[in-house]
Amino acid sequence: MSESPANVTLLLHAAASGDRKDVDALMAAIYQDLRRLALAHMSEERRDHTLQATALVHEAYVKLIDQRNTNWNDRVHFFSVASRIVRRILIDHARARNAEKRGGPVTRVSIGEQDVAAPERNLDVIALHEALEELATLDEQQARIVELRYFGGCTIEEIAELLKIGKRTVDRQWLAAKTWLFDRLSEGGVESEAGGDRGR
Amino acid sequence: MAGDAMARAHALFTRAIELDGAAREDMVREACGADAEALRRVRLLLQVAKRTTDFLESPAVAAVDPLAAAVPQAAGNYLAVGVLGVGGMATVYEAVQENPNRRVAIKVMHQSMSHPDALTRFRLEAQTLERRTWTR
């Protein structure tokens, strides 16, 4: 690990004040470590599907942070920052991959009916990222739940604990967010908002 | 649908999920009132919700290709520690080999590239690289 847990913990404390500069410093410090962890998860996942339930950011927290000097707020803060970083790592990766591909513009893969059983394999992470930004303007908490769950790998229980809301509320918000995103990313939109009057 | 209207419909939909049957229908109808567009949108989302069972249920890191491509960990105790590059045909991983202890690069072909021609080219490349090593 490139930074000592004591250092990262200090950065985390500084970032908790909400200063943009401190948050950036924290993100820079843990980006590489998180990337390594993410990669380990990706390769391990194939061998042991039970790992799907493991929160990536939880593992990062245990490895990167000095537990003796942290409080509840630090934990919540770390989980959200780390989930955001994982999101960025995957977007960076997708962009790099798209740039590598010869032959012009990015090919976007939409979700078709047939992909519902395993839609993630065909999911365009950049399109998801953009849709998630939009969702955040409608409902910030729902967008945050998606970030923690999909990018951070947190369980419903962990999110309920982090956000101090009931498990059933998380469930409901998660379903609402998923539905909205699914609709947004579906082929042409189940209802294409961007398409204006289409289908009327 | 304007942003405000969309936000309102989404909020209504979020509330509606919790209810069942007649209670749901009553709530939605009452809340939407004369707003036919909101009513249509909420009903649509309620339909879509039934189809999202598996959507986004595996964490993103488990879903990304080719990062999720199998890294030959079992063969020779390699542990992937980073991605050096991703190309159209393959991903090159930075990996650590346990014995002998050294850093190596592992090239893993994308699954879509496993047709015979690509495999032949891949083997040829490996042979060329091997020759290079020997001449040093």
Using modelled atom types only, decide if a donor and an acceptor are shared between the side chain of K178(A) and the backbone of T53(B) within a distance under 3.5 Å.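 Flag set: sc K178(A) to bb T53(B) pair under 3.5 Å.
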Please check if the side chain of R172(A) supplies one atom and the backbone of T14(B) the other of a donor-acceptor pair under 3.5 Å.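 Indeed, once roles are kept as given, a pair shorter than 3.5 Å links the two residues.
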Transitively linked via ILVMFWY side-chain contacts under 4.5 Å: [X] with [Y]?
{"X": "V170(A)", "Y": "I17(B)", "answer": "no"}
{"X": "L90(A)", "Y": "Y31(A)", "answer": "yes"}
{"X": "L10(A)", "Y": "V81(A)", "answer": "no"}
{"X": "L138(A)", "Y": "V42(B)", "answer": "no"}
{"X": "I85(A)", "Y": "I145(A)", "answer": "yes"}

Please walk me through it: do H10(B) and L135(A) pass side chain to side chain contact (heavy atoms under 4.5 Å, CB included)? CA-CA 10 Å; H10(B) 185 68; L135(A) 177 62; 3.8 Å; yes
Got a second to check how far E57(B)'s CD is from W174(A)'s CH2, nearest 0.5 Å?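 One gets 5.5 Å once the value is rounded to the nearest 0.5 Å.
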Going from OG1 on T179(A) to CG on L46(B), what distance comes out if it is rounded to the nearest 0.5 angstrom?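 Going from OG1 on T179(A) over to CG on L46(B), the span is 8.5 Å.
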For the side-chain contact (heavy atoms from CB on, under 4.5 Å) test, which of F151(A), F182(A), Y150(A) pairs with L56(B)?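 Single pass found, and it is Y150(A).
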Are there over 12 heavy-atom neighbours, none belonging to [X], within less than 6.0 Å of that residue's [atom1]?
{"X": "D4(B)", "atom1": "CG", "result": "no"}
{"X": "E140(A)", "atom1": "CD", "result": "no"}
{"X": "R15(B)", "atom1": "CZ", "result": "no"}

Checking an interface table here. Which of residues 26-36 of chain B come within a heavy-atom distance under 4.5 Å of chain A?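 Listed by number, there are no contacting residues, so the answer is none.
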Side chain, backbone, both or neither: which part of R87(A) has a non-hydrogen atom closer than 4.5 Å to chain B?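 Looking at R87(A), nothing touches chain B.
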On a heavy-atom basis, which atom in A49(B) and which in L175(A) lie closest, and how many Å separate them?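 Closest pair (atom of A49(B), atom of L175(A), distance): O-CD1, 4.1 Å.
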A side-chain contact here means heavy atoms from C-beta on lying under 4.5 Å apart; do L181(A) and F55(B) qualify?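 Yes; the side chains approach each other to less than 4.5 Å.
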Count the heavy-atom pairs under 4.5 Å between each of Q173(A), R149(A), Q142(A) and chain B, then report the option with the highest count.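 Answer, by heavy-atom pair count under 4.5 Å with chain B: Q142(A).
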Looking at R41(B) and D183(A), does any basic side-chain N land under 4.0 Å from a carboxylate oxygen?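 Yes, charged N to carboxylate O under 4.0 Å.
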